[in-house]
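None of the values given here were measured: they were computed from a predicted structure.
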Amino acid sequence: FKKKGLLSIVENREIAEHIFTMKLEGELVNELDQPGQFVHLRVGQGFDHLLRRPISICDVDHEKQQLTIIYRAEGAGTVAFSKQAVGEQVDVLGPLGQGFPIEERKAGEHVVLVGGGVGVPPLYYLSKRLKSKGVIVSHVLGFSHAGAVFLADEFAKLGDTYITTIDGSFGEQGLVTDVLDRWNITEWNALYSCGPLPMLRALSQRFEQHEAAYISLEERMGCGIGACFACVCHTPESDTSYKKICTHGPVFRVGEVIL
Ligand code: FES
């Protein structure tokens, strides 16, 4: 189920090096509800699907009909997108994909959210939704260095927040897994993560046995709408079985697809 609409830009600004937050307003926001899903945004002129980018949903405000996305401006399309002014309109298709399952989470449970770099944004709406259910949420977020860190204060308002940077210029030096290694994982009811592939691989190995550990592979998407096959992942069932990240995911249970 997806819809298309024009949303108006109400904010578009840089919040970390090459990382921008954009707030969009319009009726399509009524359709967005599941954390971990994404939208497909037109970032260039014309009708070629290559001018669209899949970008995860970072926050939703149904009352104001506003959607927040956080994206990295790195190619011609997203750099042009980062220069779009307040009041301009953006063509948005969505919601797309299967998000993080949260129906089974109950009040009083402990959940850990683990994010890396541009994989961090979808965890924000997830955390808000879990917290509103009474779930106790801890966050472990990894970035390359201090200049790349974003949303640290916002996450801290929702629960315990541990930040790591590779060079130690903000928070603790090291990787998100260094923080997790100090904890007793059997005390958690669920783990949800999103970030670069090496991080997700490391988490998958550690939490293979956990009954509710989920990863979002959104960084590996290409077209986002099932057309390019760049996102295909094999599944453990057989050599020929596969799933598409953009339609079957981006969220999978750990072990569901081969990384
Ligand atoms: Fe193109 Fe999935 S991202 S088919």
Counting only pairs under 3.5 Å, give me each side-chain donor-acceptor contact of residues 161-176, with atom names and distances, residues two or more places apart or in other chains.
unit_1: T161; atom_1: OG1; unit_2: H139; atom_2: ND1; d: 3.0
unit_1: T161; atom_1: OG1; unit_2: F155; atom_2: O; d: 3.3
unit_1: T161; atom_1: OG1; unit_2: A156; atom_2: N; d: 3.4
unit_1: T161; atom_1: OG1; unit_2: G159; atom_2: O; d: 2.9
unit_1: T165; atom_1: OG1; unit_2: G168; atom_2: N; d: 3.2
unit_1: T165; atom_1: OG1; unit_2: S169; atom_2: N; d: 3.2
unit_1: T165; atom_1: OG1; unit_2: F170; atom_2: N; d: 3.2
unit_1: T165; atom_1: OG1; unit_2: F170; atom_2: O; d: 2.7
unit_1: D167; atom_1: OD1; unit_2: S169; atom_2: N; d: 2.9
unit_1: D167; atom_1: OD1; unit_2: S169; atom_2: OG; d: 2.6
unit_1: D167; atom_1: OD2; unit_2: S169; atom_2: OG; d: 3.3
unit_1: S169; atom_1: OG; unit_2: A146; atom_2: N; d: 2.8
unit_1: E172; atom_1: OE1; unit_2: R182; atom_2: NH2; d: 3.1
unit_1: E172; atom_1: OE2; unit_2: R182; atom_2: NH1; d: 2.8
unit_1: Q173; atom_1: NE2; unit_2: I166; atom_2: O; d: 3.3

Worksheet entry | Atom CD of E104: over 12 foreign heavy atoms under 6.0 Å | no
Discussion item. Check this for me: H234, atom NE2, are more than 12 non-hydrogen atoms of other residues, nucleotides or ligands nearer than 6.0 Å?
Written reply: no
Would you give the length of the straight line joining atom [atom1] of [X] to atom [atom2] of [Y], rounded to the nearest 0.5 angstrom?
| X | Y | atom1 | atom2 | value |
| --- | --- | --- | --- | --- |
| R53 | R72 | CZ | CZ | 13.5 Å |
| E17 | E14 | CD | CD | 8.0 Å |
| T21 | L151 | OG1 | CG | 7.0 Å |
| Q34 | I102 | CD | CD1 | 8.0 Å |
| I9 | K23 | CD1 | NZ | 13.5 Å |
| L96 | L32 | CG | CG | 9.5 Å |

Practice prompt. Would you mind telling me which of Y214, F252, Y125, F207 makes a ring-ring contact (aromatic ring centres under 6.0 Å, His included) with Y192?
Written response: Y214
Whether [X] side chain and [Y] backbone form a donor-acceptor pair below 3.5 Å:
| X | Y | value |
| --- | --- | --- |
| N12 | S82 | yes |
| S127 | L123 | no |
| H248 | V232 | no |

Worksheet item: Between E218 and S216, is any side-chain donor less than 3.5 angstrom from a side-chain acceptor?
Response: no
Item to complete: May I ask you to check whether E25 and Q66 show a side-chain donor-acceptor distance below 3.5 Å?
Response: yes
Taking all non-hydrogen atoms of both residues into account, name the closest pair between [X] and [Y] and its distance.
| X | Y | value |
| --- | --- | --- |
| L158 | K131 | O-CD, 3.4 Å |
| E256 | K243 | OE2-NZ, 3.1 Å |
| E31 | K3 | OE2-NZ, 3.3 Å |
| T177 | A202 | CG2-CB, 4.1 Å |

Worksheet item: Does the pair D33/R129 count as a salt bridge with the N-to-O cut at 4.0 Å?
Response: yes
Worksheet item: Got a salt bridge between R206 and D181, using NZ or NE/NH1/NH2 to carboxylate O under 4.0 Å?
Response: yes
Worksheet item: Can you tell if the side chain of I69 reaches within under 4.5 Å of the side chain of P121, non-hydrogen atoms only?
Response: no
